[in-house]
Colleague: 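Got a structure for you, questions after.
Each ligand, and each atom within it, is numbered from 1 in the order the structure gives.
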Amino acid sequence: MHERTEISTLEPPAENGTDTSLPTTAWNREQASMAYHIDRWGSPYFFINSEGNVGVRPMIDSDMEIDLMKIVEEARTRNIRLPLLIRFQDLLRRRVVELNESFRSAIQEFGYQNRYQGVYPVKVNQLHEVVLEILDAGEEYNFGLECGSKAELLATLPHLDRDDMLLICNGYKDSTMLSLILTGQHLGKNVLPILEKYHEFEEFLAAAEQRNLIPRFGVRVRLSTVGSGKWAESGGDASKFGVSIPQIMRVVEHLKEKEMTDSFELVHFHIGSQITDIITLKGAVREAARVYAKLMKMGLSIKYIDVGGGLGVNYDSVDFGLDQSINYTLQEYVNGVVYTIKEICDIEEVPHPIIVSESGRALTAHHSVLVVGVLDATRREPELPKPTISNQDEPVLRELSDLFETLQHIVADTGRGERQRLARCLEIYHDAVEKRGDTDQLFSLGYLSLEDRAKAESLYWGLIQKLDKTLKSFDRDSLPSDLYQIEEMLVDQYLCDFSVFQSMLDHWAIDQIFPVMPIHRLNEEPDRRGMIVDLTCDSDGKIDRFIGDDGEENYLRLHALNDNPYYLGCFLMGAYQDILGDMHNLFGRVNEIHVYADDDEPDNFYIETSLSGTNITEALSLVQYSASDLRKRMDAVIREKVKGKGIRPKQGVEFLEQYLAALKEYTYYNFEGVVGDKKRKKQDQG
Ligand SMILES: *Cc1c(COP(=O)(O)O)cnc(C)c1O
C-alpha cells in the first residue's frame, strides 16, 4: 500500500507584499494532491504530474506515466467530442494481475494447500472490450466469468477458451437457462449453475436426467451473517437469496439416495457489494467454511468455496467515516479469505478447497475516467462594490445598508463571548432576509424602481458574503443551522456538459460519492468553491457532495474560468456506472475511447478504439420517433411556408438540410471552445 505522506507546507500561502489581489503563486502540486485527496483514492494509479495535470500510471511493471490532458487534447484534434469516457485498458489488466497475485502470495504465505481461481461478474461492466481485456489479462491465472441472467449467459458461454476455466451462473434460472448450462457441461466446459432455490435443484436434476447427463452444480448458502454498508444484501432469515440449511440437508439426502454426491461441487455466498467492514466479511467466510467442512464430513466431495463479490474500492479513503468507506486493503481482504478458510478446514480436518471469488467493482472501477467540460460558472456573490446609499434612498435600502455597520461592530467587539456574537450574527442574517423580502414585495407593488431593486440585491449578497467571512472564525459545527447554510449559499455553480443520470447514476440513486477534480491547472490555487450542475432540466442533475478533509463536503475547490476550456475528471467510474444510464432528457451514451500505454509513442499512449455516443436519431428512436417520419413532418411544415411565400424555396431546402444534419449530431452540448468567465461575469450575478 502506498504510504500517505504528510505535507508540512500546508499553511495558506504567504501574501506577497501588500497587494493581495495578485494571484498566489505559492501553490504546489502537493497542496493540490491534499486538496483533492488524490493519494487516498487514486494511489498508485492517479497522481498530479509536474505540469500540474492529472497523470495516470497504468502499468504494473513500469512507472510509465500518461498525461490525461494530452489524451483529451488528442481526442479533440480527432474531433471526438466531450463528454468523453476514457478507458485505460492497461489499468484494467493491472487490477486483474494485482488481485490474482495477491491471492498467490497469501496462498504461499499461509501454506494453503490449493489454489485460487477467480471469475469476473460481467454485470459490473458488460462492455465486450472490458470482458475481453479481463479474460486476456487473466489467462495466466485461469480466470473465468460469472453471469447472472440469460442474456449474460449467452454473452459469456462462447468465451470459455479453456475447458477448466469457470463460468459461474447466478440468478434465477428458467428452463432455457438451465438447459443451456447443461449443454455447456455436455461440451466439457466448467459451467456451474449456483442453485438458489430447492425447486431449481429439482428442475436441474430432472433436465439432466432427461438428457442422460450427470449434472454438476453449486449451492448458494443462506448465511446468518448480514452484510454491512449501503450495498449490503439482506442476509439472514429474511434474505431472498440462498438455500436454507434444512433445504441443503434435503439436497444432500436426495443426492445420497441417487448416488450423485459428486454433483455438488461448490459452496457459494455473496453478502453484497462494497463490503465496508472486513470483520463482517471474515464472519461470512467462517460461516461458509464451516458449512463446507460439515458437508465434506457428511461424505460430499465439494471442490470449491466461492466467496462472491464485495471487495470494496476506496472512493474516499481507508476508514474515512463516510458510509461507503472501506476499512481494509486488497491484500488484507485476500489474506482474510485465505487464512479464514485454511483455519476452519484445518480445525475440521478437511481438505482445502479451490477458492473462487467474484470481484467486479474492485477490478473495473479504476480503469475508466469521465472527462467533462465546464460550460459556464455562475457566481452568487456580488463582484461590484457595495452601492453607496444616501439619505435620498428608500428607508428599506438604508436599513439594509446599516446592517453592514452593525456587523462591523460585532467583528470588532472581541470583548463579548462567542455565543453572544453568534446570536448577533444570526439576528443580522434574519434581518437581512426580512429586508430583502420587503424590497421584493415593494418592487412588485410598484414602490421601488429597477435600480433600487438592483441595489437591494447587491447589498443583500454583499452582507451574506461578509457574514460568511465573519463566520469563518467560528467552529463550523457550532453554528446554528441558518448560519451553517450560508457557506452553501455562496458556492458557485459550474455548469458541465454531461448528465448525472447517464454517467453517475449511483451519485443520484444511492448518494455514492465519486472523486471529482480538475484534470489540469493543478499548479494554480483553486480559489473558487463550486458545485456541479449538469445539462438536464432536473434539479437532481447535480453533484453537490464531495470528498472533504474529514467526511463529506458540499463544495469542490475549483479554478475561476479563463479564456481556455476547463475540464473536470470524474474518477473510478468503471464499475456499475459507465454503461448504465437512463436516457434522461434523451442524452444517451457518451463518446468513448480506449487508450493503451506505449512507450514508443511520444506521449506514452495511443487511442485504439473510439466508440461514438448516442446520436439524436438513436435517442429519439428509443421513444418511438422515427427519423423518416420526422423528416416527412418537417418537410411538410417547410413546404407549406414555401407555398404561402413565407420563405423562398432555396431557404426551405436549407432549413430542411439543417434539421436533418442536426438529427445526426451527438446529443450533448456542442463543446467547441468554451467562453471564459471574463465575458460573462457581469450578467451572471445572483
Ligand atoms: C453483483 C455481484 C457480484 C459483484 O460484486 P462486486 O462487489 O462488484 O465485486 C458478485 N457476485 C454476485 C452474486 C453479485 O450479485
Colleague: Between K294 and E348, does any NZ, NE, NH1 or NH2 come within less than 4.0 Å of an OD or OE carboxylate oxygen?
Modeller: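 Salt bridge present between E348 and K294.
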Colleague: Could you tell me which atoms of ligand 1, counted from 1 in the order shown, lie closer than 4.0 angstrom to a heavy atom of G360?
Modeller: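 Atoms satisfying the 4.0 Å criterion: 6 (P), 8 (O), 9 (O).
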Colleague: What atoms of ligand 1 come within less than 4.0 Å of a heavy atom belonging to S359?
Modeller: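 Those qualifying, in numeric order: 9 (O).
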Colleague: When the ring planes of F103 and Y116 are compared, do they come out parallel, tilted or perpendicular, using 30° and 60° as the limits?
Modeller: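 F103 vs Y116 ring planes: parallel.
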Colleague: Might you work through the ring-ring contact (aromatic ring centres under 6.0 Å, His included) test for F605 and Y596, ending with a clear yes or no?
Modeller: CA-CA 6 Å; F605 75 88; Y596 282 88; over 10 Å; no
Colleague: Indicate yes or no: does an N/O atom of N170 lie under 3.5 Å from an N/O atom of ligand 1?
Modeller: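 No.
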Colleague: Decide whether the shortest distance between a heavy atom of G310 and an atom of ligand 1 is less than 4.0 Å.
Modeller: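 Checking ligand 1 against G310, which is what was asked, there is a heavy-atom contact under 4.0 Å.
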Colleague: Do the ring planes of F110 and Y339 sit parallel (below 30°), tilted (30 to 60°) or perpendicular (above 60°)?
Modeller: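 The arrangement is perpendicular - the two ring planes meet at more than 60°.
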Colleague: Assess whether a salt bridge exists between E98 and R95, defined as any Lys/Arg side-chain N lying under 4.0 Å from an Asp/Glu carboxylate O.
Modeller: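 Yes.
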Colleague: Mind checking whether K123 has an N or O less than 3.5 Å away from an N or O of ligand 1?
Modeller: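 Yes, since at least one N or O of K123 sits under 3.5 Å from an N or O of ligand 1.
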Colleague: What residues, two or more places apart in sequence or in another chain, satisfy ring-ring contact (aromatic ring centres under 6.0 Å, His included) together with Y292?
Modeller: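 Expected list: none.
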Colleague: Checking F514 against Y315 for the ring-ring contact (aromatic ring centres under 6.0 Å, His included) test, could you report, in this order, the C-alpha distance in whole Å, the side-chain angles of both residues, the deciding distance, and whether it holds?
Modeller: CA-CA 6 Å; F514 290 91; Y315 292 98; 5.5 Å; yes
Colleague: Taking only heavy atoms of G309, which atoms of ligand 1 are found under 4.0 Å from at least one of them?
Modeller: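 The atoms of ligand 1 under 4.0 Å from a heavy atom of G309 are 5 (O), 7 (O), 9 (O), 10 (C), 11 (N).
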Colleague: Hey, which atoms in ligand 1 end up nearer than 4.0 Å to a heavy atom of V124?
Modeller: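 Taking each heavy atom of V124 in turn, ligand 1 has 8 (O) under 4.0 Å.
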Colleague: Are any of the N or O atoms of R361 closer than 3.5 Å to those of ligand 1?
Modeller: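 Yes; at least one N/O pair falls below 3.5 Å.
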Colleague: Heavy-atom contacts with S273 under 4.0 Å: which atoms of ligand 1 show up? List them by number with element.
Modeller: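 Per the distance check, 5 (O), 6 (P), 7 (O), 8 (O).
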Colleague: Would you say E358 has any N or O atom under 3.5 Å from an N or O of ligand 1, going by distance alone?
Modeller: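 Between E358 and ligand 1 (N or O atoms, distance only) the closest approach is under 3.5 Å.
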Colleague: For ligand 1, which atoms sit closer than 4.0 Å to a heavy atom of Y576?
Modeller: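 Counting from 1, the qualifying ligand atoms are 1 (C), 4 (C), 5 (O), 6 (P), 8 (O).
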Colleague: If you draw the axis of the six-membered ring of Y198, does the NZ or CZ of R250 fall within 45° of it and under 6.0 Å from the ring centre?
Modeller: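 Here R250 passes the 6.0 Å and 45° test against Y198.
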Colleague: Can you name the ring-ring contact (aromatic ring centres under 6.0 Å, His included) partners of H594, sequence neighbours left out?
Modeller: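 Testing H594 for ring-ring contact (aromatic ring centres under 6.0 Å, His included), a comparison that skips the adjacent residues, returns none.
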Colleague: Look only at interatomic distance and state if E146 has a nitrogen or oxygen under 3.5 Å from any nitrogen or oxygen of ligand 1.
Modeller: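 No; the residue has no nitrogen or oxygen that sits under 3.5 Å from a nitrogen or oxygen of the ligand.
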Colleague: Examine ligand 1 and decide if any of its atoms is less than 4.0 Å from a heavy atom belonging to P121.
Modeller: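 Right, P121 reaches ligand 1.
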